[in-house]
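Every heavy atom of this structure was used, including side-chain atoms; hydrogens, water molecules and symmetry mates were not.
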Amino acid sequence: MRRVFHLFQAILLLLLASTAAADNELTATVDRNTIGVDETLNLRLRYSGKESGGQPDFELLEQDFDILSRQQSNQYRVINGRAESYVEWMLTLAPKREGRLFVPSLHLHGQVSDAIPITVTEAGSTPDNDDRKAFLEVELDKDQVYVQEQLLIKVRLYTVIGLHDISTEPLQIPGAHIEKVDEQRYERRINGVGHAVYELTYAIFPESSGKLRIPALTYVAVAGRRDPFSLFNRNTQRMRLRSEAKEVEVLPKPDSYSGKHWLPAASLGIVQSWSQDPDSFKVGEPITRIVTIRAEGLRAAQLPPLPKINVEGLKTYPDQPQQDDQAGANGISGSRIETTAIVATKPGEYQLPPITLSWWDTKSGRQRVTQLPAFRFTVSGAPMASGSDSSQTAPPGPNRSNQLPADHFWRNLAIIAVASHLMWIIYLWWFRQHLVPSQTAKTPSSQNSDSEQTKRLFHAVETGDPVRLQKELKQWLQSRWPNLHINSISDASKLLEFEELDKLHGLLNNALYVQPPRPLNRQQVEILVRRLVKHESSSAPTQTSSALPELFS
């Protein structure tokens with residue numbers, strides 16, 4: 001018996017240790033595993049645990065890599081009703097030598113990340129480019145894809161001379177949907193010679209199986225410096241560059257796939273959120289459920305609609321679904337957002353059924369299932385009166401005179417609602433015409449308060465923390481327009497109708513509520529905040545600087 005007791009105790013300790021390890025995790029990922037010795041890679045290190053403070057020791061990393069930049073951010077998100085927070089470090093690394101290197105295992109609060117092998121090739125590994133002043137390169141991320149799976153095509157223009165007036169014919173592939181998702185300018189050294197690189201990335205979605213032919217692309221550019229005082233610009237030369245055609249095999253949907261909808265994606269997740277605390281549901285009060293499907297490598301148009309809620313005692317009012325495609329260097333990430341208002345007609349225990357989606361994992365080449373678990377909640381309060389229903393189902397005849405007061409009541413109620421709505425619109429128009437402009441005439445004390453609040457707002461922009469930025473922006477709006485009684489950024493956006501505020505609201509929603517969260521673009525956020533503070537809604541857009549202005553004009 002003593003041995004059995006000790007064995008049970010050991011098993012219990014192992015289970016507790018595995019649970020703690022699941023809550024505390026340190027993971028490391030890189031954007032590329034094969035690079036040239038003259039190129040860089042990005043290392044993302046994420047710690048999700050209860051202990052706070054500190055950072056990993058990066059000294060082991062500096063044995064094989066130079067750390068060119070380092071950024072740290074704190075993130076908070078809710079997945080399937082469970083809140084989690086994590087700290088993330090983003091490092092830009094440059095290899096110190098060629099060969100097979102390793103991003104070593106890093107340590108933090110007792111957690112250890114996995115080592116990552118990196119293959120570093122020699123500089124200028126592109127063949128047959130020694131004597132050419134400009135050339136094209138086409139790279140495919142896969143040799144074969146499934147039908148409707150995303151294929152990324154990168155077209156690079158290399159040049160060592162000044163080029164301008166660059167033009168190209170649009171990429172057209174019969175039987176495929178094409179979208180340009182990224183455009184970059186950077187420099188790469190090949191055989192010790194610096195080349196300016198102009199890179200375009202396309203996402204291709206083949207619509208049928210078979211051979212998919214990527215046609216040759218033609219670029220036309222002007223080499224040499226243009227003379228504004230010369231009529232013919234004899235010092236310039238027009239160049240015509242042509243790439244090689246490529247072929248990709250498109251496979252049909254696997255016979256083993258049993259899902260209702262064919263969804264070939266790199267990742268797929270389902271997240272839900274509520275307009276209020278799920279523990280405070282009451283009879284007759286509408287609550288809003290927001291379910292978001294997000295897939296990496298799929299367009300929003302490919303995502304299926306969600307099943308309708310059919311639970312006794314619940315009335316549902318679905319809104320039009322929102323579809324959004326976000327493009328980037330890794331292709332397209334599509335999301336479908338379905339919003340449903342739910343009203344409980346009687347108290348009790350309710351359960352929303354689970355949402356299950358089968359999809360094809362293009363990374364592992366197998367079928368997977370993502371599920372949003374069933375959601376249980378309790379509704380309190382008294383049952384709703386069914387007077388309106390009984391009046392509709394009452395039989396005709398002598399009792400019709402008893403229905404007339406109810407008919408007059410609902411008619412009068414509708415008239416009152418329309419009249420109050422019109423009065424509210426007139427009030428908002430009068431308020432914006434008379435009271436909002438008067439906010440500029442403030443006392444010195446209120447101006448000092450606004451100045452202090454504005455400083456805190458810009459400080460929140462510098463931190464890049466979306467939670468803090470949302471809080472400071474709301475407080476700044478409340479101090480700037482106290483008579484509006486602003487309770488949220490959404491309310492302020494509807495009342496003020498500032499384009500900058502509407503864009504900020506969208507960026508914050510993407511960073512806080514969309515899964516996976518989309519990091520804030522600090523430069524874009526700072527521009528929008530400055531325009532909002534200056535109240536210059538009609539200012540000209542800011543121009544972004546070119547990475548290589550001397551080579552591309």
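Checking side-chain atoms of Gln150 against main-chain N and O of Ile332 turns up a donor-acceptor pair under 3.5 Å. Of the possible donor and acceptor atoms, one in the side chain of Asp325 sits under 3.5 Å from a partner among the backbone N and O of Ala300. Judged by distance alone, with hydrogens and angles left aside, the side-chain atoms of Asp141 form a donor-acceptor pair with the main-chain N or O of Leu152 at under 3.5 Å. Judged purely by atom type and a 3.5 angstrom limit, Asp319 has no side-chain atom pairing as donor or acceptor with the backbone of Thr339. Side chain of Ser113 to main chain of Thr27: no donor-acceptor pair is present (N/O by atom type, distance under 3.5 Å, no hydrogens or angles). The backbone N or O of Gly259 lies less than 3.5 Å from no partner atom in the side chain of Ser358, so there is not a single donor-acceptor pair. Of the possible polar contacts, none joining the Ser105 side chain to the Val112 backbone as a donor-acceptor pair under 3.5 Å is found.
Residues forming a side-chain hydrogen bond (donor to acceptor under 3.5 Å, both in side chains) with Gln367 (at least two apart in sequence, or on another chain): Ser258. Looking at residues two or more places apart in sequence or on another chain, you find a side-chain contact (heavy atoms from CB on, under 4.5 Å) between Arg100 and Phe102, Pro117, Thr119. Listed by chain and number, the residues in a side-chain contact (heavy atoms from CB on, under 4.5 Å) with Asp114 amount to none (sequence neighbours excluded). Every residue meeting the salt bridge (Lys or Arg N to Asp or Glu O under 4.0 Å) condition with Asp66, not counting sequence neighbours, appears here in chain and number order: Lys96. Every residue two or more places apart in sequence or in another chain that forms a side-chain contact (heavy atoms from CB on, under 4.5 Å) with Thr378 is listed here: Glu349. Residues passing the salt bridge (Lys or Arg N to Asp or Glu O under 4.0 Å) test with Arg336, sequence neighbours excluded: Glu338. Qualifying salt bridge (Lys or Arg N to Asp or Glu O under 4.0 Å) partners for Lys474, counting only residues two or more places apart in sequence or in other chains: none. Every residue two or more places apart in sequence or in another chain that forms a side-chain hydrogen bond (donor to acceptor under 3.5 Å, both in side chains) with Gln72 is listed here: Trp89. Listed by chain and number, the residues in a salt bridge (Lys or Arg N to Asp or Glu O under 4.0 Å) with Glu88 are Arg44, Arg46 (sequence neighbours excluded). Glu462 meets the side-chain hydrogen bond (donor to acceptor under 3.5 Å, both in side chains) test with no other residue; sequence neighbours excluded. Considering only residues two or more places apart in sequence or on other chains, Glu526 meets the side-chain hydrogen bond (donor to acceptor under 3.5 Å, both in side chains) condition with Arg530.
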- Message: As a quick check of understanding, evaluate side chain to side chain contact (heavy atoms under 4.5 Å, CB included) for Trp274 and Arg289, giving each step before the final call.
- Response: CA-CA 5 Å; Trp274 297 89; Arg289 184 197 195 197; 3.5 Å; yes
- Kindly determine whether Trp481 and Leu495 satisfy side chain to side chain contact (heavy atoms under 4.5 Å, CB included), including the steps that lead there. CA-CA 11 Å; Trp481 290 278; Leu495 292 174; over 6 Å; no
- Where do Arg456 and Glu472 land on the salt bridge (Lys or Arg N to Asp or Glu O under 4.0 Å) test, with the steps shown first? CA-CA 7 Å; Arg456 294 175 58 183; Glu472 296 297 340; 3.3 Å; yes
- Task: Please step through side chain to side chain contact (heavy atoms under 4.5 Å, CB included) for the pair Ile270 and Leu306, ending with a clear verdict.
- Result: CA-CA 11 Å; Ile270 308 176; Leu306 298 177; 5.6 Å; no
- Message: Walk me through whether Leu171 and Leu217 qualify under side chain to side chain contact (heavy atoms under 4.5 Å, CB included).
- Response: CA-CA 7 Å; Leu171 178 59; Leu217 294 176; 3.6 Å; yes
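Nearest heavy-atom pair, Gln453 versus Ser479, reported as atom, atom and distance to 0.1 Å: CG-OG, 3.7 Å. Residues Ile204 and Ala176 come closest through the heavy atom pair CG2-CB, 3.8 Å. Nearest approach of Asn74 to Asp465, heavy atoms of both residues: O-OD1, 4.1 Å. Contact record, Glu137 with Tyr158: OE1-OH, 2.9 Å, taken as the closest heavy-atom pair. The two residues Trp359 and Thr370 make their nearest non-hydrogen contact at NE1-OG1, 2.8 Å. For the residue pair Gln148 and Phe205, the shortest heavy atom distance occurs at O-CD2, 3.7 Å.
Other residues, nucleotides and ligands contribute more than 12 heavy atoms inside 6.0 Å of the NZ atom of Lys142. The environment of NE2 in His261 is crowded: more than 12 heavy-atom neighbours from other residues, nucleotides or ligands sit within 6.0 Å.
In this structure the side chain of Leu93 never reaches within 4.5 angstrom of the side chain of Val30, judged on heavy atoms. A heavy-atom distance below 4.5 Å is found between the side chains of Val533 and Phe458. For the pair Ile153/Lys246, no side-chain contact is recorded, criterion being any heavy-atom separation below 4.5 Å from C-beta on. Contact of the Pro95 side chain with the Leu101 side chain is registered, since non-hydrogen atoms from C-beta on lie closer than 4.5 Å. Here the side chains of Arg294 and Val271 are not in contact, with every heavy-atom distance at 4.5 Å or above. Using a 4.5 Å heavy-atom cutoff, the side chains of Leu106 and Leu108 are not in contact. No side-chain heavy atom of Thr168 sits less than 4.5 Å from a side-chain heavy atom of Leu157. You'll find the side chain of Val529 reaches within 4.5 Å of the side chain of Leu457, heavy atoms only.
For the atom pair CG (Leu43) and CG (Leu41), the distance works out to 7.5 Å, reported to the nearest 0.5 Å. Atom CD of Gln71 is separated from atom OG1 of Thr92 by 7.5 Å, given to the nearest 0.5 angstrom. How far CG of Asp182 is from CD of Glu199: 7.0 Å, rounded to the nearest 0.5 Å. One distance of note links CG of Leu528 with CZ of Phe498; it measures 13.5 Å at 0.5 Å rounding. Separation of atoms CZ (Arg156) and NE2 (His195) is listed at 13.5 Å; rounding is to 0.5 Å. Here the CD1 atom belonging to Ile355 is positioned 7.0 Å from the CD atom belonging to Gln272, to the nearest 0.5 angstrom.
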Tabulate below the donor-acceptor pairs under 3.5 Å that side-chain atoms of residues 54-65 make, not counting sequence neighbours, or state none.
from, atom 1, to, atom 2, distance (Å)
Asp57, OD1, Glu59, N, 3.1
Asp64, OD1, Arg97, NH1, 2.8
Asp64, OD1, Arg97, NH2, 2.8

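For the residue pair Gln371 / Thr356, a side-chain donor-acceptor distance below 3.5 Å is found, with atom types taken as modelled.
Under a 4.0 Å N-O distance rule, the pair Glu499/Lys503 qualifies as a salt bridge.
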